[in-house]
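To start, the structure under review is shown below, and the notes come after it.
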Amino acid sequence: MTRKPIISGNWKMNLNHFEAIQTVQKLSYQLTKEDYAAVDVSVHPPFTDLRSVQTVLDVDEIPIKLGAQHCHQDEKGAFTGEISPAFLAKLSVKYVIVGHSERRELFGETDEIVSKKIDAILKQEMTPIICCGETLQEREAGETESKVLTQIRSALTKRNADVVSALVVAYEPIWAIGTGLTATSQDAQAVIGAIRAEIADLAGADAAAAVRIQYGGSVKSSNIAELMAMPDIDGALVGGASLETEEFAKIVQFRNVRS
Ligand code: 13P
């Protein structure tokens, strides 16, 4: 089973809509047809940028996929400040990050809420990028797999194999996010391999062989090739380095980068 790599830029709360337009245009000058053929590329700007970025991608026919960082689990209602997955679908958003550790830790998102959001995203025919990961304390206590696999079970239980095959999972050790610390490619492979084995148990071997699993946490052009050489790592969810278009383009072009 060959899985097409997917490299996603999570801009977090950075770049206003003017900066977003420039960033996407600059990125498009650096990426080639071959890059898009080899790798799915998505950018996940803040909500206020989405319409502007959608327009640029559309008008300039840039094959970067539009992503969002978050959404509410309901379609509409009295949820001040929240964004409906239906609104995102209307903007041609393809991928929605869900359960990012920053949402879980800073905004109290539980496994139960994450599971509801996944339902809501799938209902709008978008693809969730489901995040999981352990804290440093959990890693040091030897609890990495139990934490991560609990998150995966909660997100994926009772979903049929076809649905699971088309999902994206992102393993992001919390201690590696924005810290400059990266899991070694072997450590990342070990956890991602365990995630794939868990998915085989939950949804069958075919779904596990098809689902794409990204690594996230201080990914840079200097470590991407090594990570992508691992058998179960299918891409990256990139934070800080996705704000620099040259650096992000080099990450997408990991095929040409020597580790
Ligand atoms: P950094 O690449 O800045 O460590 O962020 C990773 C991340 O959280 C992506 O979602």
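Whatever order the structure lists ligands and atoms in, that order sets their numbers, starting from 1. No hydrogens, no waters, no symmetry mates; every other heavy atom, side chains included, goes into these values. Everything numeric in this text was worked out from a predicted model, so none of it was measured.
- At least one N or O atom of G178 sits closer than 3.5 Å to an N or O atom of ligand 1.
- Among all protein heavy atoms, the one lying closest to atom 7 (C) of ligand 1 is E172 OE2, 3.1 Å.
- Atoms of ligand 1 lying under 4.0 Å from any heavy atom of G217, numbered from 1 in the order shown and given with element: 4 (O), 6 (C).
- Residue E102 places no N or O, backbone or side chain, under 3.5 Å from any N or O of ligand 1.
- Between H100 and ligand 1, at least one N/O pair is under 3.5 Å apart.
- Neither the backbone nor the side chain of A170 has a heavy atom within less than 4.0 Å of ligand 1.
- Close approach to L237 involves these atoms of ligand 1, each under 4.0 Å from a residue heavy atom: 9 (C), 10 (O).
- Ligand 1 has a nitrogen or oxygen under 3.5 angstrom from a nitrogen or oxygen of G239.
- The cluster map of Ile, Leu, Val, Met, Phe, Trp and Tyr, joined by side-chain heavy atoms under 4.5 Å apart, puts I192 and V148 in the same cluster.
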Check the pair E75 / S84 against side chain to side chain donor-acceptor pair (under 3.5 Å), numbers first and verdict last. CA-CA 5 Å; E75 213 166 294; S84 161; over 6 Å; no
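- The shortest N or O to N or O distance between G240 and ligand 1 is below 3.5 Å.
- Distance check: I174 CD1 to E138 CD gives 6.5 Å after rounding to the nearest 0.5 Å.
- Donor-acceptor pairing under 3.5 Å is recorded for the side chains of W175 and E134.
- Residue S8 places no heavy atom under 4.0 Å from ligand 1.
- D49 and P45 get closest at one heavy-atom pair: CB-CB, 3.7 Å.
- To the nearest 0.5 Å, atoms CG (D74) and NZ (K117) are separated by 9.5 Å.
- Between the side chains of E112 and S154, no donor-acceptor pair is found at a separation under 3.5 Å.
- Within the 4.0 Å heavy-atom criterion, the part of N10 lying near ligand 1 is the side chain and not the backbone.
- With 3.5 Å as the limit, one finds no donor-acceptor pair spanning the side chains of Q189 and Y171.
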